[in-house]
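Let me begin by presenting the structure, written as structure tokens, before commenting on it.
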There are 2 protein chains.
Amino acid sequence: MMNSKTAPFKPVATRKIYQYILEQFVNLVSTGVLKPGDKIPSERELAEIFSVSRPSVREALRVLEIIGLIDIQPGGGAYLKEMELGPFLSVIAPLLFSHENFELELLELRELVEMRAAELLPQTLTEEMLVPMRAALSDMRKALEENDKEAGALADIAFHRALVLMSDSFILQKTLELIVSLFEHSVRGGRSVVLERHEDAEQLMKEHQAIYDALLSNDREKARGLLGSHLQMVRNLYICP
Amino acid sequence: MMNSKTAPFKPVATRKIYQYILEQFVNLVSTGVLKPGDKIPSERELAEIFSVSRPSVREALRVLEIIGLIDIQPGGGAYLKEMELGPFLSVIAPLLFSHENFELELLELRELVEMRAAELLPQTLTEEMLVPMRAALSDMRKALEENDKEAGALADIAFHRALVLMSDSFILQKTLELIVSLFEHSVRGGRSVVLERHEDAEQLMKEHQAIYDALLSNDREKARGLLGSHLQMVRNLYICP
DNA sequence: CCTATATAACTGGTATTACCAGTTGACAGA
DNA sequence: TCTGTCAACTGGTAATACCAGTTATATAGG
């Protein structure tokens, strides 16, 4: 065998065709040339454009589908969308959730993220910044009145999303999205997010309202304290439902 | 168009063939039937086993490759491995790093994770628990003497990995892995992890040593404080290199 | 007998072709 | 105008072939 010292050559990287196609797509998306909603040419057209066979194109599209960058409608076509990790997570979820206590640890991580987001809130909160949070709050109130637990859970998530959004930290937002997605893919996820007892939902609603009020009066410290106890209560609800 | 209220039917979910294959693989891995190192039957065999065509098998394998669950050697075969997010991240990295300050925010998230891990350390630290950390420390010392910056960076990561490992929090470990992987895929990543100035490396080394010493004497509070200032310094080094 | 080389039987990568099932839109008939 | 049909798409799947590698075996040389 030839020693690397005698032959100072570097291995020639041989990438597969689908990787080149993938790279082009990702680059076009990240540079903004391709935007969500855009329609992707048909597989046959792409094969011709890239001068490759249709299977190669399909492998690239398969990956784009898994990373949640395109939506493929059989008979229709493929459309770009805002990247979402759902499809990917639904594949690897069984691997993650085989670990004991994973969901509880997820909640703890969420606590960490949101408490940090609360620290990073801007000095002064304008009325405008609070709009998404207020919307989530009113949604939650309506859901509570109509006893629509599904909508209530969604509004709950929207509230916390709105909070992290105000922190203006890209990575905290992404991390929260990841946590939420993971929770949705958990075994108990679908049910545990939806509160069974009406009084619990009402209690959570009040806590959200209190946090919002504190933020409205620009008392960030108070809001952070309320958020902390709120998250702790959510965790308790999860442990003993 | 038929209203959903007049027709209480639910859409018939039509899953694609590759998804069924994918599901079987993931389930077999998560239940431990298939383990890392196992060789996967050839594409032709799998096609026969599943009674599908080879392209369908290939699409499933393509996804398994992207999620980093198998290693495909052209001409050789496909082997299962411990799941790693590298291949997946290398695809979506351009999408994430198009955001300004993403790397800095990554460091901040790491700070959050490690500080939390330091909180979760067990009450009493046995000699055994500290073995990985001590190993990383000695690696770092050796790398410093030999002026091997590459090895030094690796040992640095290993040190922090060892710290989070002691927290016994699965999700914190996974989150740190994610952060490290993301950093490796960043544009500056490869270079910025490697310190240029020798005196900086020596300084970091001393701080690591101090953290280790504090843990060895079971002074968790002191260790946590040292870790905090250490991480802050790393961030400063990153901002003004 | 042992080693080295050549050969054969694999492997995955890619291309080609074909057919099916579903969607879509235009067009003709009521 | 509405409705049904039909043609031209779309993606999903299959079958087949060939190439370029690897691996194992067998064979020829020492």
Side-chain angles (χ1 to χ4, degrees), chain A residues 1-2 7 9-25 34 37-81 87 90-91, chain B residues 1-3 6-7 9-25 34 37-81 87 90-91:
Chain A
M1 170 98 53
M2 215 179 252
F9 298 122
K10 291 184 180 180
V12 177
T14 79
R15 305 177 59 199
K16 299 171 191 172
I17 287 187
Y18 86 91
Q19 291 178 321
Y20 287 103
I21 301 176
L22 209 50
E23 186 181 322
Q24 289 202 33
F25 268 104
L34 292 179
D38 288 356
K39 179 165 184 170
I40 294 179
S42 74
E43 298 181 351
R44 290 169 178 83
E45 287 181 65
L46 287 175
E48 197 168 347
I49 294 173
F50 291 120
S51 298
V52 297
S53 71
R54 212 181 130 204
S56 293
V57 172
R58 279 185 64 80
E59 290 186 9
L61 292 185
R62 192 87 302 140
V63 176
L64 288 176
E65 186 185 26
I66 283 295
I67 68 178
L69 209 58
I70 65 174
D71 222 6
I72 301 180
Q73 301 167 6
Y79 294 85
L80 274 167
K81 63 176 176 181
S90 64
V91 173
Chain B
M1 173 84 70
M2 216 179 252
N3 192 325
T6 65
F9 298 120
K10 292 183 178 178
V12 178
T14 78
R15 304 177 59 199
K16 298 171 191 171
I17 287 188
Y18 85 90
Q19 291 177 321
Y20 287 103
I21 301 177
L22 209 49
E23 185 181 324
Q24 289 202 32
F25 267 105
L34 291 180
D38 288 356
K39 177 165 186 172
I40 293 178
S42 75
E43 297 182 353
R44 291 168 179 84
E45 286 181 65
L46 287 175
E48 196 169 347
I49 294 175
F50 292 121
S51 297
V52 296
S53 71
R54 216 183 126 199
S56 293
V57 171
R58 279 184 64 81
E59 290 187 8
L61 292 185
R62 193 86 302 139
V63 176
L64 287 176
E65 185 184 26
I66 284 295
I67 67 179
L69 209 56
I70 64 174
D71 221 7
I72 301 181
Q73 300 167 6
Y79 294 84
L80 274 168
K81 64 176 176 181
S90 64
V91 172

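Naming: A, B, ... by sequence-line order, numbering from 1 per chain.
A/E48 places its CD atom 13 Å from the P atom of D/dC9, with the value rounded to the nearest Å. The distance from atom NZ of B/K39 to atom C1' of C/dG12 is 11 Å, rounded to the nearest whole Å. Computed from coordinates, the A/L46 CG to D/dT10 P distance equals 10 Å when rounded to whole Å. Spacing between atom CD of A/Q19 and atom C1' of C/dG13 amounts to 12 Å, rounded to whole angstrom units. When rounded to the nearest whole Å, the span between CD1 of B/I70 and C1' of C/dT11 equals 14 Å. Rounded to a whole Å, the CD1 atom of A/I40 is 14 Å from the P atom of D/dT10. The interatomic distance linking A/E43 (CD) with C/dT17 (P) rounds to 17 Å, in whole Å. For B/Y18 and D/dG12, the OH to P distance is 8 Å, given to the nearest whole Å.
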Run A/L64 and A/L61 through side chain to side chain contact (heavy atoms under 4.5 Å, CB included) and show every step you take. CA-CA 5 Å; A/L64 288 176; A/L61 292 185; 4.1 Å; yes

Worked check of side chain to side chain contact (heavy atoms under 4.5 Å, CB included) between A/I72 and A/R62: CA-CA 9 Å; A/I72 301 180; A/R62 192 87 302 140; 3.7 Å; yes

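Remark: nothing in residues 58-69 of chain A comes within less than 4.0 Å of DNA chain C through any heavy atom.
Contact detail for B/G77 and B/K39: the closest heavy-atom pair is CA-CE, 4.3 Å. When all heavy atoms are compared, the tightest approach of B/A60 to B/I21 is CB-CG2, 3.7 Å. In this structure, B/I17 and B/S56 approach most closely via the heavy-atom pair CG2-CB, 3.8 Å. Closest of all the heavy-atom pairs between B/P87 and B/E65 is CB-O, 3.7 Å. Nearest heavy atoms, B/Q24 versus B/F50: OE1-CE2, 3.5 Å. The minimum heavy-atom distance between A/A78 and A/I70, with the atom names listed, is CB-CD1, 4.5 Å.
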Output one line per pair: protein atom, nucleotide atom from nucleotides 14-17 of chain D, and distance, for all N/O pairs under 3.5 Å.
unit_1	atom_1	unit_2	atom_2	d
D/dA14	OP2	B/S53	N	2.9
D/dA14	OP2	B/S53	OG	3.1
D/dA14	OP2	B/S56	OG	3.0
D/dA17	N6	B/R54	NH1	3.4

Which pairs, protein N/O on one side and nucleotides 23-26 of chain D N/O on the other, fall under 3.5 Å?
none

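Remark: A/Q73 CD is packed, more than 12 non-hydrogen atoms of other residues, nucleotides or ligands lying under 6.0 Å away.
In DNA chain C, the stems built from three or more successive Watson-Crick or G-U pairs (distances below 3.5 Å) are C:1-30 with D:1-30.
Note that CD1 of B/I40 and CG of B/D71 are 10.0 Å apart. Values are rounded to the nearest 0.5 Å.
Residues passing the side-chain hydrogen bond (donor to acceptor under 3.5 Å, both in side chains) test with A/Q19: none are found, sequence neighbours excluded. In this view, A/R58 and A/E43, B/E59 satisfy the salt bridge (Lys or Arg N to Asp or Glu O under 4.0 Å) rule, not counting sequence neighbours.
Looking at heavy atoms from C-beta onward, A/L69 lies out of side-chain contact with A/F25 at the 4.5 angstrom threshold.
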